[in-house]
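Source: prediction; values computed, not measured. In listed order, ligands and their atoms are each counted from 1.
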Amino acid sequence: MTKHEPAGTFSACPHDCPSTCALDVEVLNDGRIGRLRGASGNAYTAGVICAKVARYAERLYHPDRLLKPLRRVGPKGEGRFEEISWDEALDLVAEKFLAAEAEHGAQTVWPYHYAGTMGQVQRDSIHRFRHAKGYSLQFDTICTNNAWTGIVAGTGKLAGPDPREMAVSDQVVIWGTNPVATQVNVMTHAITARKKRGARIIVIDVYNTETMKQADIGLVLKPGTDAALACAIMHVLFRDGLADRAYLEKYTDCPAELEAHLAQKTPEWAADITGLQVAQIEEVARLIGDVKRTYLRLGYGFTRTRNGAVSMHAAASIGAVTGCWQYEGGGVFHNNGAIYELNKSMIEAPELRRPETRFLDQSLIGRVLTGDEDALQDGPPVTAMLIQNTNPVSVAPEQELVKKGFAREDLFVCVHEQFMTETAKMADVVLPATQFLEHDDIYKGGGHQYLMLGPKVTEAPDGPRENLFVLNELAKRLGADQHPGFHMTAREHIDWMLQNSGYGTLEELEENRWIDLQPDFDSAHYLGGFAHADGKFHFRPDWGRSASPNKSPIGPLGPWTTMPELPDHWEYLEHASERHPFRLVTAPARSFLNSTFNETDSSLKKEKRPEVWMLQADAEDHGINDGDLVEMGNNRGTVTLHARYVEGLTPGTVISEGIWPNEAFPNGKGINTLTGADPSAPYGGAAFHDTAVWVQKV
Ligand SMILES: Nc1nc2c(c(=O)[nH]1)N[C@H]1C(S)=C(S)[C@@H](COP(=O)(O)OP(=O)(O)OC[C@H]3O[C@@H](n4cnc5c(=O)[nH]c(N)nc54)[C@H](O)[C@@H]3O)O[C@H]1N2
Ligand SMILES: Nc1nc2c(c(=O)[nH]1)N[C@H]1C(S)=C(S)[C@@H](COP(=O)(O)OP(=O)(O)OC[C@H]3O[C@@H](n4cnc5c(=O)[nH]c(N)nc54)[C@H](O)[C@@H]3O)O[C@H]1N2
Ligand code: SF4
Ligand SMILES: [Mo]
């Protein structure tokens, strides 16, 4: 018998992760998928991917994958379903959507989606579908609002220095992100800089993360106090002659005002607010001032507080004071979303959108589904939903309301999923979805600069269908498939988008796998001026009218009128109180990706169980021993989980990693029982790491 060499092919990681890795896919002799590896020819992926995606075969061939369309038979949420055919399922969904529309108008239907796949076709075709019918729109608030608003308030554009320049930096400041867990490639490039150039790595977080353990200097501060740290750093820079005054004059809006404003923002002032030592702040400020090639890599984590946009803007302002932007390996980077300029009109059909249609806030899904009039914007109730690429019954804040909403008998829900998630369990119809290796799509990297093809590399089992299929078929059954986008395959969509964006053809991309869209050095470093109309970096943002790509469609939200005019600590946080003595941060787990992978055995084994991590002294004050089962709660609800003593936290802070299934908690209530949905300022968004709680022994 001749032994065949395993074949290889390629893809791109579809998950909601800034790394969007280029993948080499091993195809075994029997045609099944083997290991996934990072493509070495891709300069950002550089051969490295995370462990959970390397072992993707476990998820692809998982015995619990959904394979057949299902219709609910028992009471809502009980989880009893019967198999039906695709035609029956799609007919039923169309019939229910039409009936809902006849009773309440088209906006009673709310297609709800997020970034389970980041593929441009499979993720965003749902917009074409909703526009074609005039269904309610979705205002995306669950992830990026504060971060994008804060950075764009300063730079005017969501883009920055080439992320690969981290490897030629002399100092990488990893601020409010935990890349060892959440975007491993940041570490690849930072460690390269350390090995090749002796670069220093500084990490700023609220606990001693795996990333901080690899740092030369780690600063552990209180959640939501980063702007105070940033102000004190800038105070020292001005005070000690480390500010680049020529740069400030040329490139920033109001340097003299900023300097005067910062005069009182001393390290002593910030030490009080942040819980850091004065000496720590002085040291880091001096290092940031002394080392010209400093690359500030700013993450999402430190913006998931009610004041998060202010934190991001303040941290980004540091780069404009030192002028590190001018140097290779220097500058401030958060995300490259604005460099791609894709023409997605065939996918999304924006011309079909009716201007009067309401945007419902994604994070407020609990309030929307329980009939909150503000959340519904005084419009009709939501009585029908199609859900793709998201698992709100685990990931959305105010979980008690979310569950109550999904339990409504008068709400018809169709969930298109790969697994029987907690959201799918609440559905009336469940449709099985393909996984990324089984369909065609195209991806862009937020943390890098490649546009990447992810072609279909293996046949799906009999049953699951791609998102595009479901949307096109439903549009047809609803009599709303006039737009040509409903009659195209994913490959045709990719080709159309590429050609109409000026990026060649699908055939060319199949040859090249990816396109490097890195802007030239001068524009990436804003050497010709920042992206605001006046060409300046703005220390004084126009919060209510910023250029944020996440700008609220219903105007500024939260107490935005009281936002600080210049970088400052802003007290808009869910503060601890006598009743709620702790502040909870619900950081991601390394082996899960949001709620994805919380169904695979190897990830579950690594993460073990839901826990709350506390300082021993804090725990003892409340009579809690290491390993005790405890209740953690606030006015939104209570969860039960095990306590663990850890070091490397500020007093009063507790950490719970990972979005576990609700059922992994002894009382059946997941971590988002505790998190709030009230909008951050200025443009909304859930503050997942900003939650006051009490913790007590069960
Ligand atoms: N393994 C894994 N990878 C993931 C994800 C996952 O769940 N698991 N999620 C994916 C998604 S959707 C996203 S958006 C990205 C997000 O990735 P990141 O940008 O890394 O953001 P977060 O994961 O929210 O939080 C990162 C860190 O911020 C810290 N943090 C929280 N509050 C504060 C604060 O007030 N100040 C400071 N300085 N730090 C704070 C947390 O402790 C955590 O260590 O990761 C993606 N990658
Ligand atoms: N407590 C707490 N909660 C959080 C966060 C936190 O840090 N702490 N982070 C928040 C953030 S940043 C985010 S982005 C959200 C993310 O929340 P979600 O967007 O809900 O992300 P996932 O939990 O990964 O769920 C994605 C789902 O999409 C499905 N899926 C994947 N590909 C496809 C496909 O091609 N078709 C279909 N139909 N389905 C597919 C997967 O099986 C999975 O169930 O969670 C938020 N929730
Ligand atoms: S690091 Fe992120 S992009 Fe890369 S393989 Fe893992 S989840 Fe995917
Ligand atoms: Mo996210």
- [ ] Compute the minimum heavy-atom distance from M118 to ligand 2 and say whether it is under 4.0 Å.
- [x] no

Task: E599/R59 salt bridge by N-O under 4.0 Å criterion - done: yes

TODO: Please identify which atoms of ligand 1 are closer than 4.0 Å to at least one heavy atom of G299.
DONE: 19 (O)

TODO: Answer yes when E574 and R636 have at least one side-chain N-carboxylate O distance shorter than 4.0 Å, and no when they do not.
DONE: yes

TODO: Starting from atom 43 (C) of ligand 2, locate the nearest protein heavy atom and write down its residue, its atom name and how far away it is, to 0.1 Å.
DONE: E417 OE2, 3.3 Å

Task: Per-atom contacts of ligand 2 with G116, taking only distances under 4.0 Å to non-hydrogen atoms - done: 26 (C), 28 (O), 31 (C), 32 (N)

TODO: Heavy-atom distances under 4.0 Å are what count here, so tell me which part of A433 touches ligand 2: side chain, backbone, both or neither.
DONE: side chain

Task: atom 6 (C) of ligand 2 [closest protein heavy-atom partner, distance rounded to 0.1 Å] - done: T586 O, 3.7 Å

Task: For atom 1 (N) of ligand 2, the protein heavy atom that lies nearest, with its residue and separation - done: N672 OD1, 2.8 Å

- [ ] Considering heavy atoms of the protein only, find what lies nearest to atom 34 (C) of ligand 2 and give residue, atom and distance to 0.1 Å.
- [x] N389 OD1, 3.4 Å

Would you be so kind as to tabulate the donor-acceptor pairs closer than 3.5 Å made by side chains of residues 422-431, with sequence neighbours excluded?
unit_1: E422; atom_1: OE1; unit_2: S394; atom_2: OG; d: 2.7
unit_1: E422; atom_1: OE1; unit_2: N662; atom_2: N; d: 3.0
unit_1: E422; atom_1: OE1; unit_2: N662; atom_2: ND2; d: 3.1
unit_1: E422; atom_1: OE2; unit_2: N662; atom_2: N; d: 2.8
unit_1: E422; atom_1: OE2; unit_2: E663; atom_2: N; d: 3.4
unit_1: T423; atom_1: OG1; unit_2: N391; atom_2: OD1; d: 2.5
unit_1: T423; atom_1: OG1; unit_2: V393; atom_2: N; d: 3.0
unit_1: K425; atom_1: NZ; unit_2: E663; atom_2: OE1; d: 3.2
unit_1: D428; atom_1: OD1; unit_2: R72; atom_2: NE; d: 3.0
unit_1: D428; atom_1: OD1; unit_2: R72; atom_2: NH2; d: 2.8
unit_1: D428; atom_1: OD2; unit_2: K76; atom_2: NZ; d: 3.0
unit_1: D428; atom_1: OD2; unit_2: V413; atom_2: N; d: 2.8

TODO: In plain terms, say whether D678 and R306 are close enough for a salt bridge, that is, a side-chain N and a carboxylate O under 4.0 Å apart.
DONE: yes

TODO: Give the residue and atom name of whichever protein heavy atom lies nearest to atom 15 (C) of ligand 2, and the separation in Å to one decimal.
DONE: I142 CG2, 3.8 Å

Open item on the list: So, regarding T421 and ligand 2 (criterion: nitrogen or oxygen to nitrogen or oxygen, under 3.5 Å), is there a contact or not?
Closed with: no

Open item on the list: I need the atoms of ligand 2 closer than 4.0 Å to a non-hydrogen atom of T596, numbered in the order shown.
Closed with: 22 (P), 23 (O), 24 (O), 25 (O), 26 (C), 43 (C)

TODO: Run the contact test for K52 against ligand 1 with a 4.0 Å cut-off on heavy atoms, strictly below, and give the result.
DONE: yes

Open item on the list: Return the closest protein heavy atom for atom 18 (P) of ligand 2 as residue, atom name and distance.
Closed with: T390 OG1, 3.6 Å

Open item on the list: Any heavy-atom pair between the side chains of N472 and R128 that's under 4.5 Å?
Closed with: yes

Open item on the list: Can you tell me which portion of E466 lies within the under-4.0 Å heavy-atom range of ligand 2? Options are side chain, backbone, both, or neither.
Closed with: neither

- [ ] Check A589 against ligand 1 and report side chain, backbone, both or neither, counting heavy atoms closer than 4.0 Å.
- [x] backbone

TODO: Have a look at ligand 1 and work out which part of H689, if any, has a heavy atom under 4.0 Å from it: side chain, backbone, both or neither.
DONE: side chain

Task: D16 neighbourhood, listing ligand 2 atoms whose heavy-atom distance to it stays under 4.0 Å - done: 14 (S)

- [ ] Just jot down the ligand 2 atoms closer than 4.0 angstrom to any heavy atom of C143, in number order.
- [x] 12 (S), 14 (S)

- [ ] Answer with side chain, backbone, both or neither: which part of H439 has a heavy atom less than 4.0 angstrom from an atom of ligand 2?
- [x] side chain

- [ ] Find all atoms of ligand 2 within a distance of less than 4.0 Å from any non-hydrogen atom belonging to I671, and give their numbers and elements.
- [x] 1 (N)

TODO: Number the atoms of ligand 2 from 1 as they appear, then name those within less than 4.0 Å of a heavy atom of R59, with their elements.
DONE: 41 (C), 42 (O)

Open item on the list: Can you check which of Y207, F302, F592, Y300 brings a heavy atom nearest to atom 19 (O) of ligand 1?
Closed with: Y300

Open item on the list: Below a 4.0 angstrom heavy-atom separation, can you tell me which part of H15, side chain or backbone, both or neither, approaches ligand 1?
Closed with: neither

Open item on the list: With heavy-atom distances below 4.0 Å as the criterion, list the atoms of ligand 2 near S595.
Closed with: 22 (P), 23 (O), 24 (O), 25 (O)

- [ ] Can you pull out the closest protein heavy atom to atom 17 (O) of ligand 2? Residue, atom name and distance to 0.1 Å, please.
- [x] V395 CG2, 3.3 Å

Task: Under 3.5 Å side-chain donor-acceptor pair for D140 and Q138 - done: yes

Open item on the list: Suppose we measure from atom 10 (C) of ligand 2 to each protein heavy atom; which comes out shortest, and what is that distance?
Closed with: F688 CE1, 3.6 Å

- [ ] Could you pull out, from L593, V585, D205, the option with a heavy atom nearest to atom 44 (O) of ligand 1?
- [x] D205

Open item on the list: What I want to know is whether Y114 and ligand 2 share at least one N or O pair that is separated by under 3.5 angstrom.
Closed with: no

- [ ] Indicate yes or no: does K605 engage E58 in a salt bridge with an N to O separation below 4.0 Å.
- [x] no

- [ ] Begin with the C-alpha distance, continue with both residues' side-chain angles, and end with the deciding distance and a verdict on ring pair (Phe, Tyr, Trp, His ring centres under 6.0 Å) for F129 and H113.
- [x] CA-CA 12 Å; F129 175 71; H113 81 130; over 10 Å; no

Task: Short N-O contact, R304 and D690, less than 4.0 angstrom - done: no

- [ ] Tell me which one of T305, D226, I655 gets a heavy atom nearest to atom 36 (N) of ligand 1.
- [x] D226

Task: R304 neighbourhood, listing ligand 2 atoms whose heavy-atom distance to it stays under 4.0 Å - done: 12 (S)

- [ ] Report the part of N178 in contact with ligand 1, treating N, CA, C, O as backbone and CB onward as side chain, heavy atoms under 4.0 Å; options are side chain, backbone, both, neither.
- [x] both

